[in-house]
Amino acid sequence: MIDKLEMFLALARESHFGRAADSLGITQPSLSAGIKQLEAQLGVQLVWRGSRFGGLTPEGQRVLEWARQIVADTRTMREEMRAVRHGLSGNLRLAAIPTALTVAADLTARFVRKNPGVRITLLSATSTGILKMIDDLEVDAGISYLDNEPLGRVVSVPLYRESYSFVCAAGSAFAKRAQVGWAEIAAEPLCLLTPDMQNRRIINAHFLEAGVNVVPAVESNSTVVLMSHVETGEWATILPRRVAVFLAASKKVRIIPLEQDAPPHTIGLVAPWREPHTPVLTALLSEAKGLSDLGAGQS
């Protein structure tokens, strides 16, 4: 039953029989047979079928909630028993918004120093993508915004507050300024994160509050790409100060604080609202609280 529920979760996540089978390392016929066996065991149709995957039936949607809970509890039980035998070990899967990857490195470094038997997988994702990955059991936890958009049922640990900076070439007319306002940089050729990123939505809101609407010259989902464009001298960008300082190292660019009219946004660790957590995730939450208490990441 557990194996079949894992197959069902993969199919619901991928919305495609072939991709779901690939993600599990099995053949598509094996996946299809497993789903049909699960339907027979439960006595309901879970998937609309045609020439391709047609979505989940209403019964399938309900079973999806149970499958997530049962599979998550099973994984927790297995990991707890492994921790009893071998101590903390295994793979901790994390996702972080692009602007928080440096903070993610701070957290994982502290964690691994205390728990050397744990391997880390760290992915970059949007804030909404992180919540979906947590729901789909693809990651154990994420680092994202805590106070700008609904999080749903999660446990959260605040890590730091995000303030914004204007990043421009050393030859820019703004380069010697101590601070700049949102309205006065609106006409600059800007490269910004793509609209699916919550950071971009926050930046758009700041510009609208300043009475201006901005259309960037370049968009990317990578902060490295943004800084690379600024370094050419043709563009400027807006980044959280912490990641701006990291990316600007040894580059001929200037980081200038932006006027902060609203309270800064809080970034933190988010994990499933579930008890008990796995021993590894429990240790990570504890480490995050320690990092937050130290004020790490404050900008």
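The basis for the numbers below is simple: all heavy atoms, side chains too, and nothing from hydrogens, waters or symmetry mates. Just so you know, these numbers come straight off a predicted model, no measurement behind them.
Side-chain atoms of E14 and S23, non-hydrogen and from C-beta on, do get closer than 4.5 Å to each other. When side chains are defined from C-beta on, Q198 does not count as touching H265, because their heavy atoms never get closer than 4.5 Å. Side-chain contact check for R75 versus T278: every heavy-atom pair is 4.5 Å or farther apart. The shortest distance between side-chain heavy atoms of M227 and V167 falls below 4.5 Å. Between L291 and E287, the closest side-chain pair of non-hydrogen atoms is not below 4.5 Å. Residues V214 and W182 form no side-chain contact, since every pair of their non-hydrogen atoms from C-beta on lies 4.5 Å or further apart. At least one side-chain heavy atom of F8 sits less than 4.5 Å from a side-chain heavy atom of L56. Residues T237 and L190 are not in side-chain contact: their nearest non-hydrogen atoms beyond the backbone lie 4.5 Å or more apart.
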Start with the C-alpha gap between E188 and V180, add the side-chain angles, then the distance that decides, and say whether side-chain contact (heavy atoms from CB on, under 4.5 Å) holds.
CA-CA 12 Å; E188 291 295 297; V180 294; over 6 Å; no
Tell me, with the steps shown, if V154 and W273 meet side-chain contact (heavy atoms from CB on, under 4.5 Å).
CA-CA 4 Å; V154 296; W273 182 276; 5.5 Å; no
side-chain contact (heavy atoms from CB on, under 4.5 Å) between T76 and E79, intermediate numbers included:
CA-CA 5 Å; T76 300; E79 292 192 27; 5.9 Å; no
Set out, in order, the CA-CA distance, both residues' side-chain angles and the distance that settles side-chain contact (heavy atoms from CB on, under 4.5 Å) for M7 and L38, then state yes or no.
CA-CA 9 Å; M7 293 179 187; L38 180 61; over 6 Å; no
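When all heavy atoms are compared, the tightest approach of V139 to A95 is CG1-CB, 4.2 Å. When every heavy atom of I97 is checked against every heavy atom of S127, the shortest pair comes out as CG2-N, 3.8 Å. Nearest approach of P189 to E234, heavy atoms of both residues: CG-O, 3.4 Å. Listed here is the closest heavy atom pair of L101 and L123: CD2-O, 4.5 Å. Closest approach of T99 and V243 over heavy atoms only: O-CB, 3.9 Å. Across every non-hydrogen atom of A248 and V253, the tightest pair is CB-CG2, 3.6 Å.
D140 places no side-chain N or O within 3.5 Å of a backbone atom of L92 that could act as its donor or acceptor partner. At least one donor-acceptor pair under 3.5 Å links the side chain of T57 to the backbone N or O of Q45. Counting only distance, with no hydrogens or angles, the side chain of R93 and the backbone of E138 share a donor-acceptor pair below 3.5 Å. With hydrogens and angles ignored, the 3.5 Å screen pairs a side-chain donor or acceptor of T232 with a backbone N or O of H229. A donor-acceptor pair is defined here as one N or O able to donate and one able to accept, closer than 3.5 Å; such a pair exists between the side chain of S228 and the backbone of V224. Judged by distance alone, with hydrogens and angles left aside, the side-chain atoms of R200 form a donor-acceptor pair with the main-chain N or O of L193 at under 3.5 Å. Side-chain atoms of E184 come within 3.5 Å of backbone N or O of G181 as a donor-acceptor pair. When atom types are taken as modelled, the side chain of R68 and the backbone of D135 share a donor-acceptor pair closer than 3.5 angstrom. Using a distance-only test at 3.5 Å, with no hydrogens or angles considered, a donor-acceptor pair links the side chain of R201 to the main chain of D196.
Annotation for V218: hydrophobic cluster partners, listed by chain and number, are W235 (ILVMFWY side-chain heavy atoms under 4.5 Å, direct or chained).
Here F111 contributes atom CZ and I120 contributes atom CD1; the two are 5.5 Å apart, rounded to the nearest 0.5 Å. Here R274 contributes atom CZ and Q69 contributes atom CD; the two are 8.0 Å apart, rounded to the nearest 0.5 Å. The CZ atom of R242 lies 15.0 Å from the CZ atom of R161; values are rounded to the nearest 0.5 Å. Atom OG1 of T266 sits about 10.0 Å away from atom OH of Y160, to the nearest 0.5 Å. Between atom CG of residue L159 and atom NZ of residue K289 there is a gap of 12.0 Å, rounded to the nearest 0.5 Å. Rounding to the nearest 0.5 Å gives a distance of 5.0 Å between CG of L88 and CG of N115.
The cluster map of Ile, Leu, Val, Met, Phe, Trp and Tyr, joined by side-chain heavy atoms under 4.5 Å apart, puts W48 and F17 in different clusters. Residues I143 and I202 are members of one and the same hydrophobic cluster, defined by side-chain heavy-atom contacts under 4.5 angstrom among Ile, Leu, Val, Met, Phe, Trp and Tyr. Transitive grouping of hydrophobic side chains (ILVMFWY, heavy atoms separated by less than 4.5 Å) keeps V245 and I238 in distinct clusters. Connection of F207 to L239 is not established within any shared hydrophobic cluster, with ILVMFWY side chains joined at heavy-atom distances below 4.5 Å, either directly or through further cluster members. Cluster annotation: V44 and L5 are assigned to the same hydrophobic cluster (Ile/Leu/Val/Met/Phe/Trp/Tyr, side-chain heavy-atom contacts under 4.5 Å, transitive).
Within 6.0 Å of CZ on F53 lie more than 12 heavy atoms contributed by other residues, nucleotides or ligands. Around the NZ atom of K252, the shell of radius 6.0 Å holds no more than 12 heavy atoms that belong to other residues, nucleotides or ligands. In this structure, R52 places its CZ atom where only 12 or fewer heavy-atom neighbours from other residues, nucleotides or ligands lie under 6.0 Å away.
Here E65 pairs with R62 in a salt bridge; the nearest charged N to carboxylate O distance falls below 4.0 Å.
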